[in-house]
Every structure is written in C-alpha cells, then in structure tokens.
Amino acid sequence: MAKELTSRSENYSQWYQDLVIKADLAENSAVRGCMVIKPYGYAIWEKMQAELDRMFKETGHVNAYFPLFIPKSFFSKEADHVEGFAKECAVVTHYRLKNDENGGVVVDPDAKLEEELIVRPTSETIIWNTYKNWIQSYRDLPILINQWANVVRWEMRTRLFLRTAEFLWQEGHTAHATKQEAIEETEKIVDVYANFVENFMALPVVKGLKTANERFAGAVETYSIEALMQDGKALQSGTSHFLGQNFAKAFDVKFASKEGVEEYVWATSWGVSTRLMGALIMAHSDDNGLVLPPKLAPFQVVIVPIYKSMEQLSSISDKVDEIIAKLKAKGISVKYDDNDNKKPGWKFAEYELKGVPVRLAMGPRDLENGTVEIARRDTLEKNVVEINGIENYIETLLDDIQNNIYKKAFDFRAANTVKVDTYDEFKEVLKNKGGFILAHWDGTSETEEKIKAETKATIRCMPLEYEEEEGTCIYSGKPSTRRVLFALAY
RNA sequence: CGGGGUAUAGCGCAGUCCGGCUAGCGCACCUGCUUUGGGAGCAGGGGGUCGUAGGUUCGAAUCCUACUACCCCGACCA
C-alpha cells in the first residue's frame, strides 16, 4: 500500500518533503528548523483558519492576543509544565547589539536582561498570569479565549509542517467556575476538532484520552484526535486539555463563588497547528501530487484554455467569463489560467500537482459543440459535458469529491486497523503492515514504556468510543477490560 | 550529542578512485521560428572564485590537512 506511494523516491519521508516543495506549499528557511510557508500553502492554512475560527465563535469563544515573550519566572511556576518544555525553549538574554572592531556586530554584554525571556512554546503561563487580574468573582467566569499565534519549540529534528521549530497555531485558554464545566469545554473542543478534520479535511479521526505518559505537561487529562497517514503511521492532529486547578494554583487565581467561598478556577487549553497541513498532505496525496478536499482548496476549479491563435483565445475567454460568473454565483472559487507562457499540458500537470479539485479545459472543439472538458483530481477521470447547466454539475461534483476523498481515507483506515491479542501478533503487524492496532493493556506506564522501547509503538489514545471486553494485556498478561489504540507515530 | 553522507551555474547532478589542455549534462533563463486537446521541437545564447583556508605539484574540482555548512539515520519531541 504505502510502497506504491513512494514510487517517486526511496522513502515516504523524502517523497513527502519533495511534494511539499514541488507543490509550492513551503520550503526550509535559512533558519535551522524553521519553515517558509509560501503563498499557496498559506492560502490553504487561511481556509483552515477561517473555518476553525467560525467554529470557535459559534461555540462562544472570542479571540485575543498575548505576548510572545514569557518571563522565566512565570514559566517555572507550574512544575510539570516547565519540566515538559524546558528542553526545547528559545531564550532571550540580551536586548541590544553593538559594533565590534571588525565592522560586524556582537551582542552587547552590557545589555543583559535582568530576567531572561522565554519565547513562548505555549502560552498557559503568560495567560494565567494575566487571568489572575481578570478574575475576582464567579461573575467574571467563564473566560473563553482563543489566540492565533506562532510558537517556538526548539526541536532536535524537524520536518516541514509536521515538526518545525516555529509553527503557527491557535491556542484556546478557558477559565471556569466548576470542574464539570471545564471538562465539558474540553470535550466540546475535541468534538469541534474532530468535526473540522472529518468534514473539512476529509480525514477520519479517533477521539480519545491520552495515557499519563503522553499527557500534556501540566494537564490532568489530555484528549486528542488521531489520524492515520498513508504510510501506516499515526499523526496526532489536535489536543484538548483539562488542566484542573493546576494553573490556577500556580498563579493563585481564585474567585468568590455564589456562596461567598473563595475557590481556585478550573482551566482548559487546546490547540491545533500548521501540522494539520502535514496531515492533509500525507492523508490524501498520490503520485500526481496533492489531492485537496474542495472545502479547503484555495480555488476549487481551474479553467485552462486551449487555443491556436489570440482570436481563438479571445472567443474562448468570452465563453469562460460566462462560466466563471455562473460558478461564482454559486459560491464556487475559480481560477482562469490564460497565461500564454505555459502550454495546456504543462498547466494540467501543474494543477494536478497542486491538488485543484476540478479542472475545466476549453478548446476550439468545445467552442463549436457548446461543451467543456471536466477532469476531477481525486479519480483523474475526464468527461466532456454541456456548458448549459455546468454550474450545477460542478456544485454536485465538488460535493462528490469531498465525500469520495473522505471515503477513501475512511476505507484505508478501516483496512489498516486491526485487533491483536498477543505480543507476537502485535510485533508482526507493526513490522509488516503498520496502521492502527487495538490491543489490551494493563494500564501501567511501565508496560507502555517497555512496549515503546521494544517496538517504538506508542499508545495513541484510549478511544472515547469502545466496547467493554474482558481480555489480557498483550505484554504483561494482566487482566484488562478494554482495548487501547497503538501505532507508530509522527 | 553519536553513526553515515554531501558540498561543482537559480535547481538537480556527472566529473574526484587513477591530477592534464577551454569544467560538463538535464531543468530553468534569454533570442528567433515552428507549435498549443497531457509538462512542445529545432537553432542560437547568457550564466561557475568547483563550500572556506592552507599544503603537495610544472599543473588541483580531483591528492593531503584543518575548518564550516547542510542532509539522512538515531537520541529528543507537539
């Protein structure tokens, strides 16, 4: 399965990186581990942002913005949190440069900051330090804020979109009067994420709870959505954390309840990042390039004219303008590529590489017959159809493509999800097939860590939807009442 | 930080083992003509301190030494 995908190069990782670059989505920058997102890639991200932002607002959230820099002392107030992020922080120590003798510049040793600033790897600490001033009474709650921002995590090894030193994301940070309300918020967001990834990215996900080992640093409970990539590896695509009162206690955020009792605030935080771009690319692409779901494509339809003379182009353009007007009236986004510098064949290949869902080609033949050639990216099928009523045809086709891409990913996942009952079987599947593995686990971190050390597979999550089932842990043989989801992961 | 690899035109590479005369190929770029229904053809053209520094030699992209940068595999990790 995954092997076919990689036909253009030796390994999937190489193939993926090549595709990202060739499809003009992003490239490595001069700064180690950082990425330049190019206009076409950013246009896809903007579509994602727009939909997510709408969904957050529909669920009562508002946007705000907090500082990029976090004083070191804030950062270290929550013990687990600082421990989790300490090894990957960029730190600002000085605020000025000066000229040196050789005409270059050096850091001015006299400009050392009294307290170092951490470039945010996530904003819980700066935000909770701020919330402290905002919250006095139960009347100030809940606070339901989201921030669109960049964060920096100084990873050892990076890969375009999947793990970069700097990445774009949204992070929600909410404050609640009760534990119950905070848990409901955490779960509500998991649903928003799953809804977005499934309905817009056309990628099925498993919602679940992280084990203690995989939990966010400082969280009481971490929910995640996990998606399966075409090479059989799992990609954590979004997380929502129930933070309990950990941050409220660390930053001393208390409120007076209705009963007049002083209590610590309950918190959640949640985020998805440009990593979703990686998921989108890896989940659907084929050897001709990207396959974009219509709901996220920067333009859904591209029109390519085929002509011999400028007069011919002009009459084709007239006809195309009519089509464009009809499509736009339906809310369908169109690009007309009448660039005379590239030939039709070149354009066909180019827009396939870029994953444009539908391509129309119009030439002299079509002009005569009142037709247009329609090619769909997901199946590469081509049809000649009447221009009359084309807008309805395309509207339906776009829905079809969206559904078909989802179905393909869904079927792939179904075909690559297996239940295993022995450790040998487990190792066998990992080695030969990959994919999601449902197996019994004794619930201990020790077992989880041993399995990881021996096979590199991790517990992606304990799915929210599961069946009670008597069984024994594949590793320790101890009793278990349910299966959990294992996989190799990005 | 370990193990492996690479550095030659904007990009991708050959040439290096075994030193030699003007450093070559593909893509891209420029000019012209013919083309245009799946990444056009022909002809002509421009573009290089061969990663940096030093050494050996009549002669170095090629051999030696040091340095630097990047990539891959690990370790680390949303």
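Lettering follows sequence order; numbering is per chain, from 1. Just the heavy atoms: all of them, side chains too, but no hydrogens, waters or symmetry mates, feed the values below.
The ring of A:Trp346 has its center no closer than 6.0 angstrom to the ring center of A:Phe348. Between A:His173 and A:Phe66, the ring centre distance reaches or exceeds 6.0 Å.
Here B:G10 presents its P atom at 16 Å from CD of A:Glu27, a figure rounded to the nearest Å. Counting to the nearest Å, the P atom of B:G74 and the CG atom of A:Leu488 are 11 Å from each other. In this structure, the CD atom of A:Glu83 is 10 Å from the P atom of B:C77, given to the nearest Å. Distance A:Lys22 NZ to B:A28 C1': 15 Å, rounded to the nearest Å. Between the C1' atom of B:C71 and the CH2 atom of A:Trp15 lies a distance of 20 Å, rounded to the nearest Å. A straight line from CD of A:Glu350 to C1' of B:C27 spans 14 Å, rounded to a whole angstrom. The CD atom of A:Gln312 sits 13 Å away from the P atom of B:U35 (whole-angstrom rounding). One atom, CD1 of A:Ile316, and another, C1' of B:U36, lie 11 Å apart when rounded to the nearest Å.
With a 6.0 Å cutoff to the six-membered ring centre and a 45° limit on the axis angle, A:Lys354 counts as a cation-pi contact of A:Tyr40.
Only the P atoms considered, B:C64 is 27 Å distant from B:C72, to the nearest whole Å. Going from the P atom of B:U52 to that of B:A7 covers 13 Å, rounded to whole Å. Only the C1' atoms considered, B:G48 is 30 Å distant from B:G4, to the nearest whole Å. When the P atom is used for both B:A23 and B:U49, the distance is 13 Å, rounded to whole Å. When the P atom is compared between B:G39 and B:G32, the two are found 24 Å apart, to the nearest whole Å. If you take atom P in B:U68 and the same atom in B:U56, they sit 24 Å apart, rounded to whole Å. Remark: the separation of the C1' atoms in B:C58 and B:C13 is 32 Å, to the nearest Å. With C1' as the reference atom, B:G47 and B:U8 are 14 Å apart, rounded to whole Å.
The 5' end of RNA chain B is approached more closely, in terms of each residue's nearest nucleotide, by A:Lys347 than by the other of A:Ser273 and A:Lys347. Residue-to-nucleotide proximity on RNA chain B shows that, of A:Gly33 and A:Gly363, the 5′-proximal contact is made by A:Gly363.
Comparing B:C29, B:G37, B:C76 against the side chain of A:Met156 picks out B:C76 as the nearest. Side-chain atoms of A:Ala361 lie closest to B:G37 of the nucleotides B:C76, B:G38, B:G37. Each of B:C72, B:G37, B:G38 was ranked by its minimum atom distance to the side chain of A:Gln17; first place goes to B:C72. The nucleotide whose nearest atom lies closest to any side-chain atom of A:Lys343 is, among B:G74, B:C77, B:U35, B:U35. If you check B:G38, B:C77, B:U36 against the side chain of A:Pro344, the one that comes closest is B:U36. Of the listed nucleotides (B:C77, B:G38, B:G39), B:C77 has the atom at the smallest distance from the side chain of A:Glu155. Candidate nucleotides B:C77, B:U36, B:G39 were compared by shortest atom distance to the side chain of A:Arg163, and B:C77 ranks first. The side chain of A:Lys456 lies closest to B:G74, out of B:C76, B:C29, B:G74.
Residue A:Pro121 is classed as having no contact, given no heavy-atom separation below 4.0 Å to the nucleic acid. Residue A:Asn28 is classed as having no contact, given no heavy-atom separation below 4.0 Å to the nucleic acid. Using a 4.0 Å heavy-atom distance criterion, A:Lys210 is classed as making no nucleic acid contact. Residue-level contact check: A:Arg159 touches neither bases nor backbone, having no heavy atom under 4.0 Å from any strand.
Under the 3.5 Å distance criterion, with hydrogens and angles disregarded, a donor-acceptor pair is assigned to the side chains of A:Asn63 and A:Asp53. No donor-acceptor contact under 3.5 angstrom links the side chains of A:Thr268 and A:Thr186, judged on distance only. Side-chain contact of A:His61 with A:Glu185: a donor-acceptor pair under 3.5 Å is present, judged by distance alone.
An OP1 or OP2 oxygen of B:C77 is reached within less than 4.0 angstrom by a side-chain nitrogen or oxygen of A:Lys87.
In summary, of the residues considered (A:Arg377, A:Lys347, A:Arg359), a salt bridge (charged side-chain N to carboxylate O under 4.0 Å, His left out) with A:Glu352 occurs for A:Arg359 alone.
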